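Working notes, beginning with the structure itself.
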Amino acid sequence: MTDGTDHAIGEAVAARIERRWATLSIVIVGVLVGMATFIGIHQATMPQGRVETADPRTLHLSGEFVESNLGSVLETSGNVTVRAIGQQYSFTPACIVVPVDTPITLRATSADVVHGILIQGTNVNTMLVPGYISEQLMRFTRTGDYLMPCQEFCSFGHEGMWGKVKVIDKTDFANRAKGGGRLSCVGQ
Ligand code: CUA
């Protein structure tokens with residue numbers, strides 16, 4: 001009858017090991033759920049970047065991104081706001097003009113698919129997602145021309161989607177801004 005006893009002992013050992021692994025699996029799941037919950041709550045309590053939306057279907061009809069409002073504007077604070085849109089396969093304006101040593105807020109969105117704005121030689125790099133406004137602060141410490149390629153693949157014309165940023169002297173910019181309106185360096 002020793003065989004039967006051995007079998008019973010074996011079963012008991014197997015059952016114990018099985019329970020141990022089952023407990024471990026439940027603990028792992030519990031830890032993962034806990035982490036997900038913590039991160040979710042934690043992020044909800046952190047200051048979030050504002051989410052601003054813009055309907056890509058009506059960008060050209062009304063609101064902040066109508067064509068006449070695109071380009072650079074000198075605010076009364078002395079800061080500059082640049083508004084731009086990306087579309088297959090260009091940026092509007094294709095040449096952005098800004099003054100040197102000035103806080104600049106770039107506000108941009110996409111009229112169709114996901115594009116990206118990257119200004120070479122700087123840390124400016126943001127995605128343009130249709131439906132959302134991307135805002136990025138920037139400041140240039142030297143004048144000159146900076147290339148601005150689209151850095152998100154946006155279909156077959158992606159390689160040819162380039163813009164330019166022209167950083168000019170502050171006084172020069174202020175003079176150009178005197179007449180009001182929106183500045184760009186398209187065709188210059
Ligand atoms: Cu637009 Cu790539």
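Computed from a prediction, not measured in an experiment: that's the story for all the values here. In each ligand, atom 1 is the first atom listed, and ligand 1 is the first ligand listed.
The name of the N, O or S atom in H158 nearest to atom 2 (Cu) of ligand 1 is ND1. Nearest N/O/S atom of H115 relative to atom 1 (Cu) of ligand 1: this is ND1. Looking at E152, its N, O or S atom nearest to atom 2 (Cu) of ligand 1 turns out to be O.
At least one N, O or S atom of C154 sits under 2.8 Å from atom 1 (Cu) of ligand 1.
Atom CD1 of residue I96 and atom SG of residue C185 lie 8.0 Å apart, to the nearest 0.5 angstrom. How far CG of N125 is from CD of Q136: 7.0 Å, rounded to the nearest 0.5 Å.
In summary, the side chains of T92 and Q87 do present a donor paired with an acceptor at a separation below 3.5 Å, with no hydrogens or angles considered.
N69 places a side-chain N or O within 3.5 Å of a backbone atom of E64 that can act as its donor or acceptor partner.
For C150 atom SG and M161 atom SD, the angle they make at atom 1 (Cu) of ligand 1 is roughly 110°, to 10 degrees.
For the side chain to side chain contact (heavy atoms under 4.5 Å, CB included) criterion with R83, the lone passing option out of T109, V66, L70, L106 is L70.
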